[in-house]
Amino acid sequence: MSLIKDLTLDIKNIIKESGYELDNFTLQPSGRRDLGQFQINDAMSLAKTYHKNPREIAEDIVKGLEQDKRFTNINIAGPGFINITLTNDYLVELMNKVNEDINVLIDKKEKKKVIIDYGGANVAKALHVGHLRSANIGEAIKRLALLLGYDALGDAHLGDYGRPLGFVIKEIKEMYPDLPYFDENYEGDYSEVELPITNEDLERIYPLASSKAKEDEDYLEEGRIITVKIQQHERGYYDLWKKIVEISKADIKATYNDLNVNFEIWNGESDEMEYFDELNRIYQEKGILKDSEGAKIIEVANEDDKAPMPPLLFIKSNGSASYETTDLATILERKINHDPQEIWYVVDGRQALHFDQIFRATRKAKLVEDDVVLEHIGFGTMNGKDGKPFKTRDGGVMNLKQLIDLVYEETYKKISNESIKEEEKKVIAKKVAIAALKYADLLPYRGTDYIFEVEKFSDLEGKTGPYLLYSTIRMKSLLNKASELKQDKMYKINSLTEEDIILNILNLTSVLDKSLEAKALNDIADYLYKITSLYNKFYAENKVLTEGDEQLQESWLVLTKIVHKVNSLLLDVLAIDIPEKM
Ligand code: ARG
């Protein structure tokens, strides 16, 4: 429950006592604030049910509402729209409850176990902007789900299976043919072998190996053979693979850490493929697999499909498993180890067909019960000014670290606070850069593409991460400066701006609910900007620290405290860190 839900139920009851039953009732914030803060538009639909004039119904309801001291300025507009306003006394009472416990704004849902798959970084390859979007959106959706009472687990689902690693090892073999990993007669302990390779080397090796494989048949063939050796855990090759995963994973973890992204589960595709035999057995037993030119496939098309739906490739003709199969094995593993009620995939929208195929194949074999929700939460791309996926200056794929550096260069220039020393300035500029990048990424609806504009994202004014951080820090600093003053109780509301802020605070419940329902963060990002700019308007209109009316001053401080709490809560949902100063 939440404050606003309680109020909604009370009004629903008043309507009932006036003689009218409603199934669903929500209190609509009014678009015409001159008429009232909220609207009740149900007289029109009730008129149909009760065969009465809507205006008459509205009048009956208004009589009921007028008995309640919490409401004022109740009026009817047009054919039967009821406008109502909450008294200042009641708003103040509500704010005092919020000040005591911000949870009164949060409508907890029934507990549900959800696994959220939002990593997908690939071992031995640099993270790129696509991984940024998965991580940002996924982490925020997970935090939102947790806040609203779900039992949510994030899974990094590392790409550590398949051919790229085979090629990387092939290239390492070219570079260092004498490494004991390639010596069949080596009898020592591989875990003690020094590998003269860093993560930076790995990131260089992969593109090199993959271009060589394109030009050289033999190279390609050996890469394939090595891939199979790794998958069959062949001594030497498998040990080298483990070492590479370890090096790369440490770097991937550090990058996710910079982004405030944490996974509860750190499985890789290779861990999931341990369930392949069981998976294969299920599909075999149920007679779902079909032979097709040496490969095994699963037909997933339905009669009523509007678009072509190709079969899912289960085992390729060369005997290796496909990307689809790794995802099926993952579903089986999750069922066995976690038995989730829902699995959400926060992955690029261009993989929609892939997920459609694996969901259909899952249902066909009933890998999970029919009521388990499987959902692909797709997203658009981050583009350059040319409208194409964002690239480096020389046209290469923009890796995530380069992207963060680009923003950092810009935010570093923005920190003008003289009291901040050089070392600290770098740390703060990094936090602000991450905030700039993350907020810009979460602000548009996730499904749409957007353009990377570093100056705009880093601006201290406007709808940006830095603006939100700067304003939130200023709220905290006002509270600190007023630490000698009482900050416990709100007594009154002095202006329309304050009233606006309060109505927005009450609206938080519905913003959170809507966001979870849509599994999108744009409403939260918008809301943060709205409440922050309203607060800044209030801040400019008043001199809080020198106000002579003590009760008014305390009311203002409490309002500041609440907005600061709301901002901190929501920035935390978006996984944006607030520095102490900037
Ligand atoms: N590793 C994949 C890539 O970089 C993304 C994996 C997405 N998650 C999944 N369960 N398929 O494209």
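First listed ligand is number 1; within each ligand, the first listed atom is number 1. Atom set for the values below is all heavy atoms of this structure, side chains included, hydrogens, waters and symmetry mates excluded. Here the structure is a predicted model, which is why all the values come from computation and not from measurement.
- Between the side chains of E269 and Y323, no donor-acceptor pair is found at a separation under 3.5 Å.
- D459 and T464 share no side-chain donor-acceptor pair at under 3.5 Å.
- D513 and S510 are not linked by any side-chain donor-acceptor pair at a separation below 3.5 angstrom, with hydrogens and angles left out of the test.
- In this structure, K109 fails the cation-pi test against Y150, since its NZ or CZ atom is not both closer than 6.0 Å to the six-membered ring centre and inside 45 degrees of the ring normal.
- Within 4.0 Å of ligand 1, contacts by protein heavy atoms are made from D117, G120, N122, H131, H157, Y323, D327, Y345, V347, Q351, F355.
- Between F452 and F457, the ring-plane angle classifies as perpendicular under the 30° and 60° cut-offs.
- Both tests do not hold together for K212 against F167: distance to the six-membered ring centre under 6.0 Å, angle to the ring axis within 45°.
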